[in-house]
Amino acid sequence: MYDSHHLILAGLAGDSASKLWGVIEAVGGFIAILAIIFLVAGKVTGRLERPLTIVICLVPVVLLLIIGLVIPAIRTFYLSLHGADAYGPTVHSVGFQNYRWAFSDPSTRSTLIRTVLWLVIVPAVATGAGLLVALLVDNMKRASLAKAFIFLPTAVSFVGASIIWKYIYNYTDPHRPQIGLLSEIVIKLGWKNPPDWMLSSPVNTFLLMVIMVWIQTGFAMVVLSAALKSIPDEIIEAARMDGATGYRLFRSVQVPMIRNTLVVVITTIMIATLKVFDIVYTVTGGNFNTDVLSNEMYTQIFTQFNYGRGSALAVILFLAVLPLVGYNVLQMRKERASR
Amino acid sequence: MKSNFVAVAAIGTAALLTVTACSSSKGGGGSQSKTTATVSAACAPYKDYLGHSGKTVTMFGSILSPESDSLNKSWAAFEKCTGIKISYTGSNDFESQLPVQVQGGSAPNLAIIPQPGLLAQMVKTGQVKAPPAGTVANEANWNAAWKSYGSVNGTFYAAPMSANMKSLVWYSPKLFAAKGYTIPTTWAQLMSLSAKIAADGVKPWCGGIGSGTATGWPATDWVEEAVLGTYGGQVYDDWISHKVKFTDPKIEAAMKTVASYMQNPAWVNGGIGGVKSIATTTFQDAGVPITKGTCGMLQQASFYEAQWPKGTTVSPTGDVFAFYLPAVNSSISTPVEGGGEFVTAFSSDPATQAVQNYLSSPEWADSRIKVAPGWVSANEKVDQSLYTDPIDKISAKYLADSSATFRFDASDAMPAAVGSGAEWKAMTEWFGSGKSIDAVAKEIDAAWPN
Amino acid sequence: MTTTTPPAITTATDEPPVRKVRRAFSSPLASVAVVILAVLWTVPVLGLFVTSLRPKADVASSGWWTVFSHPHFTLSNYNTVLFKGGYNVNSGLAPYIVNSLAITIPATIIPIILASMAAYVLAWVRFKGSDAIFFTIFALQVVPLQMSLVPLLQLYSGGAHIGGITVIPALHLHGSLAEVWLSHTMFSLPLAVFLLHNFISQLPESVIEAARVDGASHLRVYRSIVLPLSMPAIASFAIFQFLWVWNDLLVSLTFAAKTTAAQPLTAQLQQLTGSFGSHLELLTAGAFVSIIIPMIVFFSLQRYFVKGMLAGSVKG
């Protein structure tokens, strides 16, 4: 099995040019096939046209999603009803025991509460900061440089980001030269004995959130800035004629115009926050009362091999986001009704 | 959808079988005789492994550069002479990736597993292959303890590869010489030395158990040393199999021993902060104060040698060196705690078995030792004179000592839910939040899988 | 695909009075605020950068800001990251950058095209059940991709190499890279469909209706109106999809890392950190090496945001 695999790879191995050629072939081939499908389907008119379009545009996506996410999701639910060790030949059903564990185990329960805190604070702050920057740089000269700087953290990998923040939060005996920037700053400001930040609950959780906000603000800024740009100048001008300025203009004209985008950004960041575990994983490993659901899920499955418990947490994660889906559904309904 | 999958899988398997059949017929008989005929003198030691030219054997492990480069160099001659290509991949996430790949049906041919606990998990999947006769024949190369850690329920699966020595204490020979301290050879001496260093105004101990998601593991090593050094091998083994619980007075007493020096505010945490700072300091940074003269000693394994900053000389007269950690209870004969890796096969094709056999031979171990220092073999037949590094020499000496009470890292041998989960977490709370020993022990026991 | 240039719904007309109105918001105070925010956001990156230029011993013993008073720099971290280290090839890191590109480019383009098609149909060619499909896709964002690794591996090792099942037969020629592209595509589709649907559904109805009345088929509307008009949205998603795939380690490790020859940059940089995470200083240098290409992508796609970006999202 490996041999055939490797013959293919060996052919690609040394030769970068052939790898890039493979990319061009793949992407080119993909687009060519689409072009042919479009060409052929374009000949079809009349009653069949609509259903054919639906099939062409939706089937690949739906199929890929069924294979890649729906089946694994069902499998996860199945695993969540089974014993801790799903590796062995004997898989035993345990009913809802894993769920009971998740809601009764005190440390897991506080993890659930902490996750909710993350879900509220991170999207709000990141979107707020992103919106602020987007508003401020709207039509500002040299804005792209400022935007690039705020975008920069988004481009740093999670692990890279976590490492630098770990150094920022580093604790060293206050009588010695400091390695952590945060301690250095507060000492300079006159706080003689700053605590070991990562040990001090609940401050540590908020400090970890700062990392996520730092990363996500770039995303919020890029998308919101784009949305702000799309507001026709005429509308703003008209509002100005009516006497709206500064904050009022922002509240009564700009925000409603980009409302939909705001919801999208908040939703996206919320889901990203729900899923991210790299930060907690790298900085504290979930210790000192900083654990979040996604990290606990990852640890249960991948370091402790508690497939059942980990899967139950994954299902809870999924359920936790259903209200969010519901809210978006309502929004979208309203949107469509108004059209 | 599920039934579609089965159909697809069936077709796929059929196709793959055809491919495999084709490739094995290509690599078979004819080419073997040809290769044998052209064996040169330099390749003579590899004659047992011939006949699989053109094959690739995939290998997966947690060893990263530069150690992985040394591995690649160590079997370069083997590859050249046999025509077998060994494709090694290393990852930080090895412990979580391996089960994923094994479950996904795309296991590597060989895996280098550092935890007997993980080995047992993998054996449970039914995909670990029994070692070939050539590997089993090398059985006498390892002492009984090592072989038992490569076995699951009494069946031998994986040959031990490298070994590291955990019963070491790092110190600064320069500081010791300047202050006239002598290397302690008993527990009592170690404790009185600690008191002396403290009286001289330097914190005698430093430590750090931070290690990302594995935060806590160095603390488990400290407790393990105390258990082994106080009660010996039998209690230690019973502890691994949970016949002796964490709440057992013996284990709690061992934890108290650790607390008596590593949680003594007057003795730690040299150059870093108070007792709690042990929980947030990474194990990598824990030894730095020794080079600055602000900390006396650090209890860490032989592999810590790679952590010292560039330019630090490691020798009995240099900037840093290590001495053997004496037994808490002098009636225990030379307790030695170690760690290591086990070569596990997920394929029984002949090329994989040839590599497996080669890796279990003393010839390969010698070849690896010659490539670079900082590596000790678990193989007793290696040429001990090849070790050049002073730490390697110490480690090899204790690991090969037949009178020593050698035991493998207990947390690595316990079920992952404890050894890579609850124990790390609880011990981190023990240091970080001052949780009581009893509460820590109870929490760990509660996580033991039924 | 995009032979037509975006018909400029230039709402940002250059009439002087309007510009004056807008400029009113960019007061000096706003400039100061932006500078402060930019500095705040940059300090950690600066710290990362300075750390990457320091010797290991200094990193562990003094704060990075001390270099401004006691400069002590070394390029050795970069030297190691770029040219030494266990790369198994003589040419250093370059082949792995190519690998990363070979993974990232298709894994960015393919999901965007597929998602934009689906988003168009879900927004404009609605049918019974289309809402349900959309909301299901949206909800699938939450499925942790870790849960998909094992089932997908089982599928691939069990026979994804058969042309028949892959939607795009050309892919199976490339062995495991196709697996990586496919996996990334699957994992990114929910967010891509969600974001693009949001933009596409707000395109001016009049434009699309007009084209339909003129007899254009749905596919034609998609290709010549929807696609060009949503270029800005596509560009902004492309940046992030590129970033996610570029920085990904888990997916490529699972599906492409059986041999080092196909590994991406992230996997190789991880190698450098050493078996016991002993070379974190190299990771900081590596982080900067790997950030260069995403930044080029960001700047080259920036122009899509500057003028008329999301012109379509204005209700018609």
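Convention: sequence-line order gives letters A, B, ...; per-chain numbering from 1.
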According to the interplanar angle, ranging from 0 to 90°, do the rings of F219(A) and F240(C) count as parallel (below 30°), tilted (30 to 60°) or perpendicular (above 60°)?
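Answer is perpendicular, since the angle exceeds 60°.
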
Side chain, backbone, both or neither: which part of [X] has a non-hydrogen atom closer than 4.5 Å to chain A?
{"X": "V35(C)", "result": "neither"}
{"X": "F194(C)", "result": "side chain"}
{"X": "S116(C)", "result": "neither"}
{"X": "L243(C)", "result": "side chain"}
{"X": "M147(C)", "result": "both"}
{"X": "I103(C)", "result": "neither"}
{"X": "L191(C)", "result": "side chain"}
{"X": "L140(C)", "result": "both"}

Does the side chain of [X] reach to within under 4.5 Å of the side chain of [Y], using non-hydrogen atoms?
{"X": "I239(C)", "Y": "F151(A)", "value": "yes"}
{"X": "F199(C)", "Y": "V223(A)", "value": "yes"}
{"X": "F38(A)", "Y": "R220(C)", "value": "no"}
{"X": "I24(A)", "Y": "I105(C)", "value": "no"}
{"X": "V150(C)", "Y": "R75(A)", "value": "yes"}
{"X": "M117(C)", "Y": "I56(A)", "value": "yes"}
{"X": "P190(C)", "Y": "L69(A)", "value": "yes"}
{"X": "Q202(C)", "Y": "N260(A)", "value": "yes"}

Residues two or more places apart in sequence or in another chain: which of them pass side chain to side chain contact (heavy atoms under 4.5 Å, CB included) with T172(A)?
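Partners of T172(A) under the side chain to side chain contact (heavy atoms under 4.5 Å, CB included) test: N170(A), R176(A), Q178(A), I179(A).
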
So which atom in E49(A) and which in H218(C) form the shortest heavy-atom distance, rounded to 0.1 Å?
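Looks like OE2-N, 2.6 Å.
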
With a 3.5 Å cut-off and sequence neighbours excluded, list the donor-acceptor pairs that the side chains of residues 37-46 of chain C form with protein atoms.
{"from": "W41(C)", "atom 1": "NE1", "to": "W214(A)", "atom 2": "O", "distance (Å)": "3.1"}
{"from": "T42(C)", "atom 1": "OG1", "to": "A38(C)", "atom 2": "O", "distance (Å)": "2.4"}

Quick check: does any side chain N or O of N198(C) sit under 3.5 Å from a backbone N or O of V264(A), one acting as donor and the other as acceptor?
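No.
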
Under 3.5 Å, is there a donor-acceptor pair between the side chain of S148(C) and the main chain of G68(A)?
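Indeed, once roles are kept as given, a pair shorter than 3.5 Å links the two residues.
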
How long is the gap from OG1 on T51(C) to CD1 on I164(A), to the nearest 0.5 Å?
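It is 4.0 Å, given to the nearest 0.5 Å.
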
For the atom pair CD (Q146(C)) and NZ (K275(A)), what is the distance rounded to the nearest 0.5 Å?
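The NZ atom of K275(A) is 8.0 Å from CD of Q146(C), to the nearest 0.5 Å.
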
Chain C contact via [X] - side chain, backbone, both or neither, heavy atoms under 4.5 Å:
{"X": "L152(A)", "value": "both"}
{"X": "A272(A)", "value": "neither"}
{"X": "I168(A)", "value": "side chain"}
{"X": "L324(A)", "value": "backbone"}

